[in-house]
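Take a look at the structure set out below.
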Amino acid sequence: MQRAAPPVAPAVPSTPAQHGRHDRILEAATQMLRSGGLDALQMKELSQRADVSLATLYRYFPAKDHILLAITRSRYERALARVADEPPRPGSIRERVTGHLLREFRAEQRELQLTAALYAAISETIRDYREVIEQIEHAHLEVIRHVATGGVPDALSPAHDAVLPVVADVFTAATRRWLAGVSSPAQARLEIRLGCRLLDLPGDVLEEETGRRAS
């Protein structure tokens with residue numbers, strides 16, 4: 001059953017002070033989710049922890065879903081900044097992407113309650129949030145793309161670049177099955193590695209398949 005849409009759109013911070021309050025809210029919410037999961041995220045307690053009024057909290061985040069989606073987007077934006085500052089890792093495109101996604105999955109395992117809450121927000125929210133969910137998916141893909149290229153522009157062929165969203169989808173699906181208890185962590189890691197194997201396909205095969213998709 002879809003949840004009802006919040007009646008008010010979230011305010012967007014513009015001044016340094018507003019950004020500071022906004023960031024404090026996200027950090028406090030993240031800590032609450034880490035320690036107690038979604039049930040622990042209570043708006044009144046969150047406003048106290050973030051040292052903002054309840055009215056300010058609801059102005060930026062009219063519903064819990066707004067908080068969860070904002071945390072997810074912020075985490076991928078920070079991940080992109082982090083990988084952009086790192087020296088390129090050795091190996092092939094497939095090896096770099098596989099290594100990165102397995103590290104991401106290990107991080108998700110360490111923060112099970114936070115991971116479950118954030119994935120639930122992406123999976124179950126209503127259509128009104130489609131735009132921000134697309135922004136989240138794009139941010140995640142940009143992280144994977146940067147890792148794949150080793151920070152070198154135009155290092156990917158158009159055909160291989162077209163495979164990266166499929167690899168990202170395999171990673172997301174493997175994580176969701178693990179969170180649902182359908183598969184073990186070992187099975188999820190296997191699925192992630194197998195998905196990344198698509199990057200080993202010859203360029204002409206990829207071009208043929210992407211051409212079929214386009215037609």
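Keep in mind that this is a model prediction, so the values were computed, not measured.
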- Query: Under a single-linkage definition using a 4.5 Å side-chain heavy-atom cutoff for Ile, Leu, Val, Met, Phe, Trp and Tyr, are Val83 and Leu102 assigned to the same hydrophobic cluster?
  - Reply: no

- For the residue pair Ile93 and Ala148, what are the closest heavy atoms and their distance? CG1-O, 3.5 Å

- Query: Just how far is it from atom CH2 of Trp178 to atom CZ of Arg189, taken to the nearest 0.5 Å?
  - Reply: 10.0 Å

- Message: Leu46 vs Gln42, test: side-chain contact (heavy atoms from CB on, under 4.5 Å). Steps then yes/no.
- Response: CA-CA 6 Å; Leu46 175 57; Gln42 301 300 318; over 6 Å; no

- Task: Taking all heavy atoms of Gln113 and all of Arg34, pick out the closest pair and write down the distance.
- Result: NE2-O, 3.6 Å

- Message: If you compare all heavy atoms of Ile136 against all heavy atoms of Leu69, which two are closest, and at what distance to 0.1 Å?
- Response: CD1-O, 3.5 Å

- Side-chain contact, heavy-atom cut-off 4.5 Å: His66 with Tyr60? no

- Item | Contact check, side chains of Thr72 and His140, non-hydrogen atoms, under 4.5 Å | no

- Item | salt_bridge(Glu111, Arg106) N-O dist < 4.0 Å | no

- Derivation and outcome, side-chain contact (heavy atoms from CB on, under 4.5 Å), residues Arg94 and Arg197: CA-CA 7 Å; Arg94 190 262 303 168; Arg197 283 284 179 183; 3.2 Å; yes

- Query: Does some side-chain heavy atom of Glu77 sit less than 4.5 Å from a side-chain heavy atom of Leu80?
  - Reply: no

- Message: Go through it in stages, so that I can follow the logic: the residues are Gln18 and His22, the test is side-chain contact (heavy atoms from CB on, under 4.5 Å), and I'd like the CA-CA distance, side-chain angles, deciding distance and then a yes or no.
- Response: CA-CA 6 Å; Gln18 290 172 350; His22 187 273; over 6 Å; no

- For atom CZ of Arg103, decide whether the heavy atoms of other residues, nucleotides or ligands shown that lie under 6.0 angstrom number more than 12. yes

- Note on the structure: dist His160:NE2 -> Leu201:CG (nearest 0.5 Å) comes out at 7.0 Å

- Ser92-Arg96 side chain donor-acceptor pair, cut-off 3.5 Å: no

- Message: On a heavy-atom basis, which atom in Ala28 and which in Arg49 lie closest, and how many Å separate them?
- Response: CB-CB, 4.0 Å

- Hey, quick one: are Phe105 and Leu199 part of the same hydrophobic cluster, counting side-chain heavy atoms closer than 4.5 Å, chains of contacts allowed? yes

- Task: State, with a plain yes or no, whether a side-chain heavy atom of Ile122 is found less than 4.5 Å away from one of Leu118.
- Result: no

- Query: Do Glu95 and Arg89 sit within salt-bridge range, that is, some charged N less than 4.0 Å from a carboxylate O?
  - Reply: no

- Verify same cluster id: Leu41, Val52 (apolar side-chain graph, 4.5 Å): yes

- Query: Ignoring hydrogens and geometry, is there a side-chain-to-backbone donor-acceptor pair from Arg24 to Ala50 under 3.5 Å?
  - Reply: yes

- Item | Pairwise distance OH(Tyr119) to OG1(Thr115) - rounded to 0.5 angstrom | 7.5 Å

- Note on the structure: Value for OH (Tyr76) from CD1 (Ile144), rounded to nearest 0.5 Å, stands at 7.5 Å

- Task: Check whether Leu101 and Leu141 end up in the same hydrophobic cluster, where Ile, Leu, Val, Met, Phe, Trp and Tyr are linked by side-chain heavy atoms less than 4.5 Å apart.
- Result: yes

Pair up each side-chain donor or acceptor in residues 162-175 with any protein partner under 3.5 Å, not counting sequence neighbours, and list the distances.
residue: Thr172; atom: OG1; partner: Ala168; partner atom: O; Å: 3.1
residue: Thr175; atom: OG1; partner: Glu108; partner atom: OE1; Å: 3.3
residue: Thr175; atom: OG1; partner: Phe171; partner atom: O; Å: 2.9

- Message: For Glu137 and Arg130: C-alpha separation, side-chain torsions, deciding distance, then whether salt bridge (charged side-chain N to carboxylate O under 4.0 Å, His left out) applies.
- Response: CA-CA 10 Å; Glu137 293 171 348; Arg130 186 63 242 172; 3.2 Å; yes

- Ser47 and Thr56: CA distance, side-chain angles, deciding distance, side-chain contact (heavy atoms from CB on, under 4.5 Å) verdict: CA-CA 8 Å; Ser47 70; Thr56 296; over 6 Å; no

- Within a strict 4.5 Å, meaning less than it, do heavy atoms of the Leu112 and Leu179 side chains meet? yes

- Item | SB check Glu142 Arg145 (cutoff 4.0 Å) | yes

- Item | Shared hydrophobic cluster for Leu198 and Leu156 (ILVMFWY, side-chain gaps under 4.5 Å) | yes

- Message: I'd like to know if the side chain of Lys44 reaches the main chain of Leu54, judged simply by a donor and an acceptor atom lying under 3.5 Å from each other, with no hydrogens or angles considered.
- Response: no

- Measure the spacing between CZ of Arg75 and CD of Glu104 and express it to the nearest 0.5 Å. 9.0 Å

- Query: Can you find a pair of side-chain heavy atoms, one from Gln109 and one from Pro185, that are under 4.5 Å apart?
  - Reply: yes

- Message: Do Val143 and His100 have side chains that approach each other closer than 4.5 Å (heavy atoms only, starting at C-beta)?
- Response: yes

- Message: Please report the interatomic distance CD(Gln187) to CD1(Ile192), rounded to the nearest 0.5 Å.
- Response: 10.5 Å

- Query: Less than 4.5 Å apart, any side-chain heavy atom of Ile71 and any of Leu33?
  - Reply: yes

